[in-house]
Each structure stands twice: as structure tokens, then as C-alpha cells.
Chemist: 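First, the structure itself, so that you have it in front of you.
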Protein chains: 2
Amino acid sequence: MRMAEGVEWALHCCLDLAWARGTPVPAARLAAHHGLPAAYLTKQLQALGRAGIVRSTPGPRGGYLLDRPPHAVTLMDVVTALEGADPAFRCTEIRAGGPHTTRCAIDTAMTRAELAWRRELAGRTLADLDADVRRADPDAPAATRARLSPAPPA
Amino acid sequence: MRMAEGVEWALHCCLDLAWARGTPVPAARLAAHHGLPAAYLTKQLQALGRAGIVRSTPGPRGGYLLDRPPHAVTLMDVVTALEGADPAFRCTEIRAGGPHTTRCAIDTAMTRAELAWRRELAGRTLADLDADVRRADPDAPAATRARLSPAPPA
DNA sequence: ATAAATCTGGATATGCGATGTCCAGGATTC
DNA sequence: GAATCCTGGACATCGCATATCCAGATTTAT
């Protein structure tokens with residue numbers, strides 16, 4: 001079982017946008033910042049847009065912005081935006097002996113575990129990540145913000 | 001993110017073998033019991049064998065047996081046997097600005113959520129599933145055992 | 001001994017989703 | 001009007017889960 005790599009990209013970009021504090025950042029600059037293929041990162045950003053996590057403005061000086069305060073974006077929100085809401089384990093009801101009236105015990109157990117995972121993800125927001133980073137490296141947000149600022153250093 | 005369907009198959013087969021109580025069940029009969037492709041189910045059973053969950057005996061009257069008491073096989077054991085031990089989220093360290101001394105906050109958060117999932121799976125065994133099933137349908141284990149018995153009903 | 005049943009492991013085919021690229025069209029700023 | 005940027009669709013590629021087949025080994029039963 002493997003999570004799409006785009007989830008990692010999206011999480012980093014969301015944090016970047018939180019640090020950009022309302023200044024639009026073009027997809028190409030986000031991609032360059034992380035060494036990612038711009039054409040594909042675009043797809044992830046569009047998914048974040050459809051989920052209402054991110055907003056975009058076209059034209060010069062345009063780009064992506066976070067569309068909610070960082071404390072209102074949970075990791076679960078981002079994962080769901082990219083991976084969809086379907087559970088990883090899907091019961092295909094292979095129990096023998098015709099139709100059953102009770103719920104499959106295996107399905108119940110696997111679903112319970114997945115809910116624990118979702119609960120953890122839903123309990124952490126971009127604001128929490130920001131706090132974690134600042135605790136370890138207080139200058140990182142400002143440095144990132146500078147590197148993503150409208151006028152590139154070269 | 002999607003879990004391999006073979007995990008579901010393996011869990012059902014493990015429960016079947018627990019109910020067979022030491023009587024070897026051929027892979028072909030397990031497959032027929034659940035309407036699964038025998039040639040592929042074989043692969044999952046072999047993985048369970050390499051993990052020490054299941055044991056096999058060749059020849060007529062041979063087949064698969066559970067190689068541990070049901071309370072000593074956790075759902076995590078089965079999932080790991082089939083999916084491997086790698087986490088679903090793998091940090092590829094795309095943080096910008098050269099090498100970092102601190103751990104990536106995103107990686108930490110995603111890993112924490114996955115540990116919650118693993119903890120749930122590690123906390124439930126085949127014996128628990130067996131108890132769940134008996135609570136809802138006390139005759140199901142015996143019925144399955146009969147259907148898997150060495151002399152097929154036809 | 002021979003035959004039948006069963007597992008093991010490797011080779012191979014197939015399908016699907018994640019990854020990745022490209023482009024035509026539209027919106028916005030200058 | 002030109003440059004910048006996003007949107008959405010079409011398309012190519014790659015890896016992995018799914019699936020099949022077979023030759024070889026092992027054990028049971030006669």
C-alpha cells in the first residue's frame with residue numbers, strides 16, 4: 001500500500017503558501033523550490049483548488065494562495081483532496097454461504113484501524129506543522145517566504 | 001491509496017484455517033470457497049508461509065494450516081506479510097535549502113498517523129475476529145469448517 | 001514402485017492507476 | 001496588445017497488483 005507522492009508535494013506547497021501569507025505564488029515557482037515537475041504539480045494544485053483549500057489568481061503577479069487560515073486546513077483535508085474519500089480497505093464481501101445479514105468482522109476491524117488513522121490526520125492542521133517547524137528552526141518560514149517572493153533572486 | 005485485495009483474501013483464509021483447527025486445507029478449496037482465482041490466491045498463501053503465519057504440507061490430504069494459535073496472529077501480521085513493512089507515506093525530503101538537521105515535520109505527522117493505524121491492527125487478532133463472528137452467528141465457524149473438510153460434498 | 005495430490009518458485013501476461021508531458025483556451029495585469 | 005498565469009483535456013509511460021501457467025519437488029495411497 002502506497003500513498004501517492006503528490007500528497008507529500010501538496011502538503012509542502014500548502015505550508016509554503018501559509019508562509020507566503022496571502023502573496024500569490026505561481027505553480028512554476030513552487031515546483032522549482034522543491035525540484036518537482038511543474039506540469040504535474042499543477043495537477044495536485046488544481047485538486048487542492050477543487051477542494052477549497054487553495055485559490056488561484058491568473059495573470060502576472062498571479063498564482064496560488066491558501067484559501068483558508070492554516071488552522072482550518074487539516075492533513076486529512078489535503079489527503080482527501082488528492083486521494084479521494086474512498087477507504088484503502090474495501091470489503092468485496094467474499095464470505096461464503098450466500099447473503100449475510102451481519103457486517104463482515106474483517107471489514108469492521110480494518111475500518112476501525114483506518115478511522116484511527118483518519119482521526120490523527122484530522123487532528124493536525126497546517127498551523128500545527130508551522131509551529132513544529134518554528135520550534136526546530138524559527139527562521140525557516142521567513143526564509144521560504146523570501147525565496148518564494150515575487151521577485152526571484154536571479 | 002488502496003490496499004491490495006490479497007490482504008482481504010488472506011484474512012478470510014486465515015480465519016478459515018483457524019476454524020479448520022489443524023486439518024490441512026488445500027489452496028484450491030480455499031479459493032473455491034470464496035470464489036477466488038486459485039493460481040493467484042496461492043501467491044498470498046506463500047507470502048503468509050514466509051511470514052510464519054501459515055504452514056503447508058504437500059501430497060494428498062495436504063494443504064495449509066495455521067502455524068500459530070489464532071490469538072497469536074494479529075491483523076498487522078497479515079497486512080505486513082502481504083504488503084511489506086514499508087510505510088504508505090515515504091518522505092522524499094523535498095524541503096528546499098540544502099540538507100536539514102531536523103526531521104521533516106510533515107514526515108513526523110504522517111508517520112504518527114500511520115502508527116495509530118498500525119497500533120489498531122496490532123491490537124486485534126484472529127481470535128478477536130473469531131469471537132466477533134461467533135457473537136453474531138454462532139454456527140458460522142462450524143459451517144465453514146464442514147464446507148472445508150477433506151471430503152468435498154459433491 | 002507407481003500414481004495421484006499438493007505445494008514451490010519462476011516466467012510471463014494484463015490491467016489500472018500514478019506519474020509525467022503537452023497544448024489550446026481563457027483570465028488578468030501591465 | 002503582450003506577457004503572465006491558470007484550467008482542463010488528451011496523451012504517453014511506468015510500476016505494481018492481478019492473474020495464469022508450468023516444471024520440479026514432496027508426500028500419501030495403492
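Residue numbering restarts at 1 for every chain, and letters A, B, ... go by the order of the sequence lines.
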Chemist: Please tabulate, one pair per line, all N/O donor-acceptor pairs under 3.5 Å involving side-chain atoms of residues 68-82 of chain B, not counting sequence neighbours.
Modeler:
residue : atom : partner : partner atom : Å
B/R68   : NE   : B/G52   : O            : 3.2
B/R68   : NH1  : B/A72   : O            : 3.0
B/R68   : NH1  : B/D77   : OD2          : 3.3
B/R68   : NH2  : B/A51   : O            : 3.3
B/T74   : OG1  : B/M76   : N            : 3.3
B/T74   : OG1  : B/D77   : N            : 3.0
B/T74   : OG1  : B/D77   : OD1          : 3.3
B/T74   : OG1  : B/D77   : OD2          : 3.1
B/D77   : OD2  : B/T74   : N            : 2.9
B/T80   : OG1  : B/M76   : O            : 2.9

Chemist: Please determine whether side chain to side chain contact (heavy atoms under 4.5 Å, CB included) holds for the pair B/C104 and B/R95, giving the CA-CA distance in whole Å, both sets of side-chain angles, and the decisive distance to 0.1 Å.
Modeler: CA-CA 8 Å; B/C104 175; B/R95 284 185 291 180; 3.8 Å; yes
Chemist: Using a 4.0 Å heavy-atom cut-off across all strands, classify B/A27 as base, sugar-phosphate, or nothing.
Modeler: sugar-phosphate
Chemist: Near DNA chain C, counting only heavy atoms under 4.0 Å, which residues of residues 38-47 of chain A show up?
Modeler: A/A39, A/Y40, A/K43
Chemist: Can you list the residues that meet the side chain to side chain donor-acceptor pair (under 3.5 Å) rule with B/W117, with sequence neighbours excluded?
Modeler: none
Chemist: Calculate the interatomic distance between B/E5 atom CD and C/dG17 atom C1'; express it in whole Å.
Modeler: 15 Å
Chemist: Tell me: CZ of B/R50 to P of C/dG9, nearest whole Å?
Modeler: 7 Å
Chemist: Could I get the full list of salt bridge (charged side-chain N to carboxylate O under 4.0 Å, His left out) partners for A/E114, not counting sequence neighbours?
Modeler: A/R118
Chemist: How many whole angstroms separate atom CG of B/L65 from atom P of C/dT6?
Modeler: 13 Å
Chemist: Tell me what A/G49 touches on the nucleic acid: a base, only sugar-phosphate, or nothing, going by heavy atoms under 4.0 Å.
Modeler: nothing
Chemist: What is the distance, to the nearest angstrom, from the CE atom on A/M3 to the P atom on C/dG17?
Modeler: 17 Å
Chemist: Using a heavy-atom cut-off of 4.0 Å across all strands, would you classify B/G6 as base, sugar-phosphate, or nothing?
Modeler: sugar-phosphate
Chemist: Which atoms of nucleotides 1-5 of chain C (N or O only) lie under 3.5 Å from a protein N or O atom, and what are those distances?
Modeler:
none

Chemist: Rounded to the nearest Å, what distance is computed from the CG atom of residue A/D86 to the C1' atom of nucleotide C/dC16?
Modeler: 15 Å
Chemist: A/R145: which residues meet the salt bridge (charged side-chain N to carboxylate O under 4.0 Å, His left out) condition with it, sequence neighbours left out?
Modeler: none
Chemist: Which residue, B/D16, B/L45, B/V25, B/I53, forms the side-chain contact (heavy atoms from CB on, under 4.5 Å) with B/Y64?
Modeler: B/L45
Chemist: Where does the chain B footprint on DNA chain D start and end, counting 5' to 3' with a 4.0 Å heavy-atom cut-off?
Modeler: D/dA17 to D/dA29
Chemist: Just the rounded figure in Å: distance from C1' of C/dT19 to CZ of A/R2.
Modeler: 12 Å
Chemist: Could you list the residues that satisfy side chain to side chain donor-acceptor pair (under 3.5 Å) with B/R135, not counting sequence neighbours?
Modeler: B/D132
Chemist: If a pair satisfies side chain to side chain donor-acceptor pair (under 3.5 Å) and one of its residues is in residues 2-13 of chain B, list it, with sequence neighbours excluded.
Modeler: A/T92-B/E8
Chemist: Tell me, please, which residues at least two apart from B/D67 pass salt bridge (charged side-chain N to carboxylate O under 4.0 Å, His left out).
Modeler: B/R55
Chemist: Round to the nearest Å and state the distance from B/F89 atom CZ to C/dA18 atom C1'.
Modeler: 16 Å
Chemist: Side chain to side chain donor-acceptor pair (under 3.5 Å) with B/R103: which residues, sequence neighbours excluded?
Modeler: B/D107, B/T111
Chemist: Once side chain to side chain donor-acceptor pair (under 3.5 Å) is applied, do any residues pair with A/R21, and if so which ones, sequence neighbours excluded?
Modeler: none
